[in-house]
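Notes for the one structure printed next.
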Amino acid sequence: MSRSAVELDFFRMEKESAGKPQQPKKLFDRRRSFRDIQSVISKMNPEILKSVIATGSVENGNLLASKPKDDDPFLSPALPLLSAPAFGNRVSGTTSLTIFYNGTISVFDVSLNKAENILKLAAENVSKTVDSDLPLTRGKSLERFLQKRKER
Amino acid sequence: MEEEREVSNTRSDGNGMPDLVFQCVIHYIHDARDRDAVSRVCRRWWEIDAAARKHVTIALCYTTTPRMLLQRFPNLESLKLKAKPRAAMFNLIPEDWGGYVTAWVEEIARSFRGLKALHFRRMIVRDSDLELLAQARGPALQSLKLDKCSGFSTDGLLHIGRSCKNLRTLFLEESSIGSIDEKDGEWLHELALNNNVLETLNFYMTDLVQVRFQDLELIARNCRSLVSVKISDCELLDLVGFFRAATALQEFGGGSVNEQPERYSSLSFPPKLCCLGLTYTGQNTRPFIFPFAWLLTRLDLLFALLDTDDHCLLIQRCPNLEVLETRNVIGNRGLKVLARCCKSLRRLRIEPAAGKQGMEDERGLVSHSGLIALAQGCLELQYLAVYVTDITNASLEYFGRYSKNLCDFRLVLLEQREGVSDLPLDDGVRALLQGCNKLRRFALCLRPGGLTDVGLGYIGKYSPNVKWMLLGSLGESDAGLLEFSKGCPSLQKLEISYCYFSEQALAISVLQLRSLRYLWVQGYRASKTPDLLAMARPFWNMELIPKRQVIVADPHGAAVSVEDAAHILAYYSLAGPRTDFPDTVVPLEAAAFLNA
């Protein structure tokens, strides 16, 4: 199993730090970077990711590490843990987001907002891969019917 | 006395035509736009029209006040009021957004002596409002429609049931009367005891389940003119007596089929039944539907449990079908059967549903091949609303070529993992708009890359008569919106969803669209400066629903918190800004300062 860190430059921070002028981001560009995130997250087991995100929470500007159901986290290395240090706020207002997954470690410098967005995106993507349902574009009456149908 | 009468009869508008002539003629002018036009000819005609106007529809209740309505049309007999934005039907608007009927009901109770018919759509109605209405107008009321309303309980309905002896129509479809608001079925019992002229009874898609079927039977026996009944969930076997009594019934919707098919052999529908809505019923309904399917003109399968095969088998037995509503489980196969068998089809609505987990037939998806067959086969089509998984330019061109009667076209491209055959749809959309010159309403929701800025320009250029539009995920940049807004000369109401136009572009386009009186936007590019205020002008109300967290049910029924993006709502109003904002809605001026 490869132990090398895989770094994914979601937000093109390398490019930004290289001092290139910011081009006005068109709709497609922004979507493309989200798609990159989606493609990475979609490779993770959706059930595991969902359970981790569901138990994770944001408090006092820090991401609390979600506790896996097992007592000893080290006995289940396959479980991704989302964690951020409680200290270490950089001057820019970002902290590091570390994703452990299947033996790979990825570290990103993101603001709290971006981190929340990533979590939300992953959660959305989870439901998308499990069921090709539409988030909010279905009529109320139809939603109601589909829910009742499941209950019958 | 004779002389006086002669004088008043010959009083004319200066053209020599006596008032009496126009007073007689005006009763034959029904269309609201025609009445609007004739009332502007001269002062006298304005007065005659005002006194003679029987019906008014107010598309947004905040555009005027009850008092203004009274001064303009004192002899009104029928009023339709709407409030919440259409997005409320997709759970996107806060429940307490507004649209309270109270002030209107108070004025009606006080002044509108001739009012017989009331229709409230997407408004908040309280029990106290219903009580006041019943007290003041009870015996006079002939039609009451609480259409997708909320805020009332069966207590309010009890007042209606007791006092409205002359009610011909009671319509409660999709109103949110939840399990906490339903005390019992007494309201229907009261209605059954006191009324014998009921023609339409509708509590379809509500949670009113404590009604007693015996009361339905009593209504059917007492009301010989009962023509349309749509109910909530109720076992059809309990309605055998009802169906036997309701001999004039033409339309029925609701109910459910839970027992073994054999038990339904005693069930027979009334002889004139031609409009049917099956809910929670599957193929076990075949034995008692098939024999009279050839009579059906309207069929509602939105909440039925039929798969693609069931659809095909049923539809081919319905040669007289004019209106069909169903989910996309009908599939391309079902559409082809429809095209072959239902030559009188006028309205078709196909809603989306889940495709996985064995809930729906996976082959049952609607795409271009089904639409092409539909366009060629159903030449009488006036209204089409469809959610597709795939679409081509060619299929849209077919509509342009064949669907010459199309007035209302709504297409949504669903999100699927597989690629879509043929994007962008610029040429297809242009062909459709050029060919369907009767189009009045148009909705197109695609995805990034679905329509270019050029395509948006086509929509603007080739929709001379369209009054309402919904644009979802269209265009590439502000340039597209600006090009679009140079056209659309008749556009009165515009909804924009997730097109990510900038505030600046939105403001400019509002100023360019010369007929625009209502704008709703969600999913736009907010700016730090209040660019949107560039569209400010007299009588133009601007409101913002800032982004908020909402709890929705995910596909597994669990409650999840999602972010609902900010909404902009802007409209012309004679009544000035609203005075009843809830916490979730702010006037735009204030919001602009908060963001700065």
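What you see is a predicted model; the values in this text were computed from it and never measured. Sequence lines set the chain letters: A, B, ... in the order given, protein chains first and strands last, and positions in each chain run from 1.
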### Message
I need the minimum non-hydrogen distance between A/L142 and B/L302, along with the two atoms involved.
### Response
CD1-O, 4.2 Å

### Message
My understanding is that only residues two or more places apart in sequence, or in another chain, count here; which of them pass side chain to side chain donor-acceptor pair (under 3.5 Å) with B/S502?
### Response
B/D478

### Value rounded to 0.5 Å, distance of CE in B/M205 from NZ in A/K140
13.5 Å

#### Entry: Heavy-atom contact with chain A under 4.5 Å, split by part of B/S256
side chain

### Summary
What one should report as the nearest heavy-atom pair of B/A353 and A/L146 is CB-CD2, 4.1 Å

### Task
Apply side chain to side chain donor-acceptor pair (under 3.5 Å) to B/T279 and list each qualifying residue two or more places apart in sequence or on a separate chain.
none

#### Entry: Gap separating the CZ atom of A/R149 from the CZ atom of B/F303, nearest 0.5 angstrom
11.5 Å

### Task
Kindly compute the distance separating OH (B/Y280) from NZ (A/K148), expressed to the nearest 0.5 Å.
4.0 Å

### Message
Under 4.5 Å from any heavy atom of chain A, what part of B/A88 do you find: side chain, backbone, both or neither?
### Response
backbone

### Query
How about B/Q504: does its CD atom have over 12 heavy atoms from other parts shown lying under 6.0 Å from it?
no

### Task
Enter the distance from A/F145:CZ to B/R327:CZ here, rounded to the nearest 0.5 Å.
4.0 Å

